[in-house]
Amino acid sequence: MSADAITPVFVRLKLSLLRNGLRQSGGRKAAYITSAVFALLFAALQLIGLIALRGHAHAESVVVLAVAVLGLGWAVMPLFFPSGDETLDPTRLVMLPLRPRPLVRALLTASLVGIGPLFTLCLLAGSVIAVARGGAAFAVGAVAVVLALLVCVALARAVAAANVRLLTSRKGRDLAVLSGLVIAIGAQIVNFGAQRIGASGLGELDPAAGVLQWVPPASAIGAVHAVGEGSYGLAAAQLALTAGALVALLALWSRHLTRLMTSPDGSTLPGAESAAKQRSSTGLGRLLPPGRTGTVMERSLRYVWRDPKTKAAWVTSLAIGLIVPVFNAWQGTGSVYFACFAAGMLGIQMYNQFGQDTSAFWIVAMTISSTRDAYVELRARAYALLLITLPYAALVTVLTTAMLGDWRRLPEALGLSFALLGAMLATGAWTSARFPYSIPQEGYKNVAPGQTGLAWISIFGGMMAAALLCAPVIALTIWLNVSADGDDWTWLLLPAGSAYGAGLAAAGLKLAAPQTARRLPEILAAVSKG
């Protein structure tokens, strides 16, 4: 079947998928319509804003960066939202007598149907209007909009085809959990950029735009501006680069489609050799203490590495714990005390320890028959957390201090970080036993329905208690800094804060152990819910 014959079929198929999806439930229809209205409203406002930017000295920098970010969004969208479009999975077509090239054209045309392409079209059209000068520039702009839109769609399709085996698996779908990390990091970067622009003006964008104007699809918009400036050779080069990127992406997409439709799925083949290698790998176990302590530590660390939601929580905490103090120090507006943010973010991982095990906690519960067993279990989990948190908190504190050049405050910042970490270990162990809640393994929710109140009490109540427990160290830090000769003694805050944090952690574990042993049935019921 030719591409001309199957293209209308695929467009109708895309429309049918959208229509049938909305028929499944009224809630889904309402959510889709609401999201479509907001997306189109935002697109319209963005279009108006870009048109208002016309004639501004730095308009080109703004639109080039906007289109570059748009292209990045199209590239990562299939990785974090693989279930957002059923047609992203070409393996559903492997039994049909279709050749890759006609299939690529048909899928590319069908991909232009939807809110995402319409939103992209509005942004690209506004970008062209913002930078075009003269009839020739507008003529080139029409070509640039088409090329840039096709590059965005082809990029998303090529990425999806290259990773379709992963994206359609259970672990691949769990990658969507990491979208929170992308949003968190992106928000901090946008905040940092907005502050820099607010302080120095849009001229701060010119160096980055000068580089990105040669990166498709932003190069297409750069070509429109170049024509308006009379640089026809530069414009031709940028348009050729965009067209070349489109051809390369289509070829890559076609290649992956050919492999998907002619090769067996390796994920279904026996992995005996890999499994045997995993079973024989005991390098981590050899480095940990013997007995139950080492076993629990290894289990906790493997959860961090293998469980998607646990990994997402850790990666997000590690990233934000570094970004907040470092970005503020980079701007010259931070303080060494911001480094305590790293210890605070990682200390949160001690909360709801048993909920992280979900229904598998019953295996752990069978091994706890006394307060001593509960204490060793909690202590080992705290050790596993400290194995990552202590060096990381120290590293972030040293890095922040180095960027600010305030080495005199390094001991007190470290002391405060270690005291806060100890307080969060103490309160986290106690709230884990007293207010456990379930974490659903599927979907995007981190709390099972009906347990939101428990989660709030556990996390925010525990954090407030940790802040109160740190009050003596905070008071000592303030007193030494305002005292006339206190600067000579601030170094004592490092050993004092470390000892205080260690004492708090030990006391918290001692108090939480009998609670854990006594409330095992309640904990098991709570963490197994949902």
Closest contact, heavy atoms only, [X] versus [Y]:
X	Y	value
Val151	Pro217	CG1-CB, 4.1 Å
Ala220	Ala148	CB-CB, 4.3 Å
Leu47	Cys122	CD1-O, 3.5 Å
Ala158	Leu252	CB-CD2, 4.4 Å
Ala393	Ala343	CB-CB, 4.3 Å
Ala43	Phe119	CB-CD1, 3.5 Å

Can you check whether [X] reaches [Y] side chain to side chain, under 4.5 Å on heavy atoms?
X	Y	result
Asn352	Ile459	no
Trp253	Leu108	yes
Phe38	Ile115	no
Tyr437	Val527	no
Met424	Gln349	no
Trp305	Thr310	no
Trp314	Ile388	yes
Val336	Thr397	no

In Å, rounded to the nearest 0.5 Å, how long is the span from [atom1] of [X] to [atom2] of [Y]?
X	Y	atom1	atom2	answer
Ile457	Phe435	CD1	CZ	5.0 Å
Leu155	Leu150	CG	CG	12.0 Å
Ile474	Leu468	CD1	CG	9.0 Å
Ser300	Gln353	OG	CD	6.0 Å
Thr431	Phe460	OG1	CZ	12.5 Å
Met345	Leu421	CE	CG	13.5 Å

For Arg133, all residues meeting salt bridge (Lys or Arg N to Asp or Glu O under 4.0 Å), sequence neighbours excluded: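 Only Glu229 meet the salt bridge (Lys or Arg N to Asp or Glu O under 4.0 Å) criterion with Arg133.
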Picking from Thr242, Leu241, Leu234, what satisfies side chain to side chain contact (heavy atoms under 4.5 Å, CB included) with Gln238?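 Among Thr242, Leu241, Leu234, the one meeting side chain to side chain contact (heavy atoms under 4.5 Å, CB included) with Gln238 is Leu234.
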Check the pair Arg12, Val9 against side chain to side chain contact (heavy atoms under 4.5 Å, CB included), reporting the backbone distance first and the verdict last. CA-CA 5 Å; Arg12 290 197 298 270; Val9 175; 3.6 Å; yes
Show, in sequence, the C-alpha distance, side-chain angles and deciding distance for Thr109 and Thr7, and conclude whether the side chain to side chain donor-acceptor pair (under 3.5 Å) test is met. CA-CA 7 Å; Thr109 305; Thr7 297; 4.7 Å; no
Determine yes or no for a side-chain-to-main-chain donor-acceptor pair under 3.5 angstrom, with Tyr351 supplying the side chain and Gly462 the backbone.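 Yes, Tyr351 side chain to Gly462 backbone: donor-acceptor pair under 3.5 Å.
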For Ala413, is there any backbone N or O sitting under 3.5 Å from a side-chain donor or acceptor partner on Ser417? yes
Any donor-acceptor N or O pair under 3.5 Å, side chains Trp74, Thr120: yes
Would you check, one step at a time, whether the test side chain to side chain contact (heavy atoms under 4.5 Å, CB included) holds for Val326 with Phe338? CA-CA 9 Å; Val326 168; Phe338 278 27; over 6 Å; no
Please work out which of the three classes, parallel, tilted or perpendicular, describes the rings of His56 and His58, given edges at 30° and 60°. tilted
Stepwise, does the side chain to side chain contact (heavy atoms under 4.5 Å, CB included) test hold for Leu322 with Phe327? CA-CA 8 Å; Leu322 176 66; Phe327 270 36; over 6 Å; no
Apply side chain to side chain contact (heavy atoms under 4.5 Å, CB included) to Val37 and Ile33, showing your working. CA-CA 6 Å; Val37 169; Ile33 294 175; 4.3 Å; yes
Would you find more than 12 non-hydrogen atoms of other residues, nucleotides or ligands less than 6.0 Å from Arg54 atom CZ? yes
If you count the non-hydrogen atoms of other residues, nucleotides and ligands that lie under 6.0 Å from CH2 in Trp214, is the total more than 12? yes
